[in-house]
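Letters A, B, ... mirror the listed sequences (proteins, then strands); counts begin at 1.
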Amino acid sequence: MPEGHTIHRLARDLNGDLAGDVLRVSSPQGRVPTETVDGARFERAEAVGKHLFLHFPDACLHVHLGLFGRFRRRKLNGAPPRDTIRLRLEGPRYAWELSGATASDWVDEHDISALLERIGPDPLSPRAKPKLAWEMIHRSKRPLAALLLDQRVMAGVGNVYRAEILHLLGLHPELPGNELSQATFQKLWRLTKKLLARGVEEKTIRTVDKPSDRTKREALHVYGRSSCRNCKGRVVRVTLGQRDIHYCPRCQPREGE
DNA sequence: CACCATGTTTAAAT
DNA sequence: GATTTAAACATGGT
């Protein structure tokens, strides 16, 4: 479910609903110890790449949604949580419920810095240093498609954004990182930032300026499509690394650059 | 009901 | 040392 925009939007919505409030915190599944924060004031949520941090005065919960994780708002209606709910944050007006996450652990300062050191710059962070991403890409022979998905290079891009970014720049997915020019990298960084930011506002991924309708297919150029939005040619789907990537051989020729 | 998918981590193999 | 592969984990939508 989640690419970086989802997590940043989650942080914004959680803050809008719950920041500064005293929460009832529970773990219906019993998988997250909540005694120390139940009844405590929730300070704020913070997103970095695809990671989410929930800050309480004396504790911080690290959440990563992984492939199936969800974190949803529910109206308070007295209904008991479903048995798949791992964590429940109950504020004055809404309850937020977490399910299916890959990670939901209490972390200390040390854990947090170790984690942040592990991931690359997040284009949505004003303090991000794109230079770090450029250096990794520039030094690597790995295909661009693999580098974009590697959270150590850049944090927040997932399978949909990667396919769309490469298509918009006319880059072949297998172009080795060290063959990308610095000028094109700068375009790539700016584009990524723009698309992720738009995703946060619209709560969905849209890379097409004026889609003809509201369907997901129409909002994208190649991902999940059988024909390229630009040239109408057949979209190629190949497994690169562990994940499928969609691209248009005509709009994204091998020579690239 | 069967199938599919917007992810990460670790260790082992190349 | 760099990179790739395999395995494990976790749900909901169609």
Side-chain angles (χ1 to χ4, degrees), chain A residues 1-10 27-32 47-53 62-74 81-88 97-105 107 111 114-120 122-124 135-167 173-178 192 195-200 202-208 215-217 219-226 237-247:
Chain A
M1 213 263 125
E3 301 207 22
H5 72 289
T6 307
I7 312 305
H8 278 80
R9 180 56 186 243
L10 253 177
S27 178
Q29 277 186 347
R31 292 179 47 168
V32 182
V48 185
K50 300 174 183 176
H51 297 264
L52 180 69
F53 297 96
H62 167 233
V63 173
H64 192 292
L65 295 183
L67 195 47
F68 305 117
R70 298 277 157 89
F71 207 161
R72 292 193 271 227
R73 174 164 68 187
R74 296 185 45 167
R82 313 172 39 153
D83 56 6
T84 54
I85 297 305
R86 187 176 312 178
L87 184 79
R88 202 172 134 91
E97 295 181 339
L98 175 69
S99 66
T102 291
S104 52
D105 304 295
V107 290
D111 301 324
L115 210 147
L116 296 184
E117 242 166 68
R118 211 173 66 216
I119 61 180
D122 177 349
L124 285 180
E135 280 164 3
M136 285 188 78
I137 291 172
H138 188 235
R139 274 194 268 110
S140 174
K141 291 180 178 167
R142 294 166 69 203
L144 221 40
L147 290 164
L148 283 184
L149 224 44
D150 187 339
Q151 303 298 301
R152 293 171 300 187
V153 173
M154 189 188 289
V157 170
N159 211 10
V160 180
Y161 280 120
R162 114 168 134 168
E164 295 296 307
I165 289 165
L166 291 174
H167 183 273
E174 295 189 74
L175 183 75
N178 61 9
T192 305
L195 293 178
L196 283 169
R198 177 193 283 168
V200 173
E202 304 187 3
K203 294 183 86 163
T204 186
I205 302 176
R206 175 174 65 86
T207 65
V208 172
T215 61
K216 180 142 189 169
R217 298 267 174 288
L220 303 176
H221 289 85
V222 278
Y223 183 86
R225 295 175 56 96
S226 51
R237 175 178 173 152
V238 288
T239 303
L240 202 151
Q242 325 248 87
R243 318 278 302 283
D244 277 7
I245 179 156
H246 302 73
Y247 72 98

Short side-chain to backbone donor-acceptor contact, [X] and [Y], under 3.5 Å:
| X | Y | result |
| --- | --- | --- |
| A:Arg162 | A:Ala145 | yes |
| A:Arg86 | A:Ala101 | yes |
| A:Asp244 | A:Arg237 | no |
| A:Arg70 | A:Arg72 | no |

Sequence neighbours excluded, which residues qualify as salt bridge (Lys or Arg N to Asp or Glu O under 4.0 Å) partners of A:Asp105? none
Extract the stems that DNA chain B is part of, considering only consecutive pairing runs of at least three Watson-Crick or G-U wobble pairs, both distances under 3.5 Å. B:2-5 with C:11-14, B:7-14 with C:2-9
Going by number, which of residues 137-145 of chain A have a non-hydrogen atom under 4.0 Å from DNA chain C?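 DNA chain C contact set from residues 137-145 of chain A: A:Ser140, A:Lys141, A:Arg142.
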What residues from residues 146-159 of chain A pass a heavy-atom cutoff of under 4.0 Å to DNA chain C?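 Nucleic-acid contacts, sorted: none.
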Please give, in whole Å, the distance from B:dA5 P to A:Asp244 CG?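 Value for this atom pair: 7 Å.
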In whole angstrom, what separates A:Arg162's CZ from B:dT8's P?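 Rounded to the whole Å, the gap is 11 Å.
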Taking atom OG1 of A:Thr207 and atom CZ of A:Arg198, what is their separation to the nearest 0.5 Å? 7.5 Å
Could you check if a side-chain atom of A:Asp83 sits within less than 4.5 angstrom of a side-chain atom of A:Gln29, using non-hydrogen atoms only? no
With a 4.5 Å cut-off on side-chain heavy atoms, are A:Leu240 and A:Pro143 touching?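 Yes, side chains in contact.
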Residues which pass side chain to side chain contact (heavy atoms under 4.5 Å, CB included) with A:Ala155, listed by chain and number, not counting sequence neighbours: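 By the side chain to side chain contact (heavy atoms under 4.5 Å, CB included) rule, A:Ala155 matches A:Ile119, A:Asp122, A:Gln151.
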Considering only NZ, NE, NH1 and NH2 on the basic side and carboxylate oxygens on the acidic side, decide whether A:Arg88 and A:Glu97 come within less than 4.0 Å. yes
Taking only Lys NZ, Arg NE, NH1 and NH2, and the carboxylate oxygens of Asp or Glu, determine whether A:Lys50 and A:Glu3 approach each other closer than 4.0 Å.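 Salt bridge between A:Lys50 and A:Glu3, a charged N being under 4.0 Å from a carboxylate O: no.
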Take a 6.0 Å sphere around CZ of A:Arg152 and say whether it holds more than 12 heavy atoms from other residues, nucleotides or ligands. no
Return the orientation label for the A:His51 and A:His62 ring planes: parallel under 30°, perpendicular over 60°, tilted otherwise.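 Rings of A:His51 and A:His62: parallel, under 30°.
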Remember a base hit wins even if backbone is also touched, and classify A:Arg237 as base, sugar-phosphate or nothing at under 4.0 Å, heavy atoms.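 The answer is sugar-phosphate, as A:Arg237 gets under 4.0 Å only of primed atoms, P, OP1 or OP2.
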Scan nucleotides 5-12 of chain C nucleotide by nucleotide, 5' to 3', and note B when protein non-hydrogen atoms come under 4.0 Å of the base, S if they reach only the sugar-phosphate, - if neither. -BB--BBS
